[in-house]
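So the structure is just underneath, and the comments pick up after that.
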Amino acid sequence: MSKVLYIKANIKPEGVSRTFQVSDHFIEEYKKQHPEDEVVELDLYKEKIDFLRPEDLETMGCIKDETKKNTTFLKYAFQFAEADKYVIAAPMWNLGSPAILKAYFDYISITGITFHYTAEGPKGLLQNKKAVHIVARGGEYGNAPYEMGDRYVKTILGFLGVSDIQTLAIENLDIIGADVEAKVKEGKEKADLIAKEF
Ligand SMILES: Cc1cc2nc3c(=O)[nH]c(=O)nc-3n(C[C@H](O)[C@H](O)[C@H](O)COP(=O)(O)O)c2cc1C
């Protein structure tokens, strides 16, 4: 049985967000294909993920202290480390991802939990895990160097040791005359294919 962590980073609600229309569809299909797996949803806005505070930096140095294990700060990092698969749903905002997703990565990138320092430098502790990043965009980017959302998600996950990362991008949603319904449908079809193998 695998544990899937479904991380949602959009202020828009389900049904309205094009990202969530595709990612929720992905999760439905995934559950059909893998009924034995556990899927935990983590909506970063509902969780009220915030910027790091001075006391969080102090807690960072006490990860072995059992009394700190359930602090808001550390619980997300332990939860992340315990999952086997990650589904990250986040729209493109200003060439990157919503800031709350970066804030979340600040919560979960903790020495001794998700990565550690070795004589050769930092090394990710999350081995044999996989991720899919589902993103809706107003325009078209592909691999453009100024696309920094998917690039960052892949880089930070790679830093933490996750090497199997796919992207499902739905693009050109805001161009004039776009057939949004058709593009979302196409995104859901791609989601079906990925969910089978994920
Ligand atoms: C604050 C904000 C910033 C955005 N910045 C970009 C951008 O830099 N590039 C782009 O292609 N689309 C941008 N968009 C458009 C969204 O990526 C697009 O509408 C997408 O469908 C949003 O996904 P959603 O429907 O899941 O919210 C932006 C939208 C918002 C609300």
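Computed from a prediction, not measured in an experiment: that's the story for all the values here. Whatever order the structure lists ligands and atoms in, that order sets their numbers, starting from 1. Heavy atoms only: backbone and side chains are in, while hydrogens, waters and symmetry mates are out.
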ring-ring contact (aromatic ring centres under 6.0 Å, His included) pairs, two or more places apart, involving residues 48-72: none
Which bit of I170 is near ligand 1, meaning a heavy atom under 4.0 Å away: side chain, backbone, both or neither? neither
Which ligand 1 atoms does L173 reach within 4.0 Å, using its non-hydrogen atoms? 21 (O)
Within the 6.0 Å centroid threshold, strictly below: Y6 and Y30: no
Going by an N to O cut-off under 4.0 Å, is there a salt bridge joining D192 and K188? no
For atom 12 (N) of ligand 1, what's the nearest protein heavy-atom neighbour? Residue, atom name and distance, please. G138 N, 3.1 Å
Single-linkage hydrophobic cluster L126~L74, side-chain heavy atoms < 4.5 angstrom: yes
Per-residue contact class, K12 against ligand 1 - non-hydrogen pairs under 4.0 Å: side chain
Min N/O separation F20 to ligand 1 under 3.5 Å: no
So is there a nitrogen or oxygen of W93 less than 3.5 Å from a nitrogen or oxygen in ligand 1? no
Nearest-option assignment for atom 11 (O) of ligand 1, heavy atoms, candidates A90, A136, S17, G139: G139
Under 4.0 Å from a heavy atom of L95: give me the atoms of ligand 1 that qualify, with their elements. 7 (C), 8 (O)
Other residues, nucleotides and ligands only: do more than 12 of their heavy atoms fall within 6.0 Å of CD on E55? yes
State plainly whether one hydrophobic cluster holds both V40 and F80, where clusters connect Ile, Leu, Val, Met, Phe, Trp and Tyr through side-chain heavy atoms under 4.5 angstrom apart. yes
Atom 16 (C) of ligand 1 [closest protein heavy-atom partner, distance rounded to 0.1 Å]: M92 O, 3.6 Å
Side-chain donor-acceptor pair present, N10, S17, cut-off under 3.5 Å: yes
Nearest-option assignment for atom 23 (O) of ligand 1, heavy atoms, candidates G96, G149, P91: P91
I'd like to check whether V16 has a polar contact with ligand 1, where a contact means an N/O of the residue lying under 3.5 Å from an N/O of the ligand. no
Shortest protein contact, atom 9 (N) of ligand 1 (heavy atom only): Y141 OH, 2.7 Å
Would you call K130 and D84 a salt bridge, taking side-chain N to carboxylate O under 4.0 Å as the test? no
Closer than 4.0 Å to some heavy atom of N94 - which atoms of ligand 1 meet that? 3 (C), 4 (C), 5 (N), 6 (C), 7 (C), 8 (O)
If hydrophobic clusters are built from ILVMFWY residues whose side chains come within less than 4.5 Å, do L157 and I194 share one? no
Mode of D174 contact toward ligand 1 - side chain, backbone, both, neither (heavy atoms, under 4.0 Å): side chain
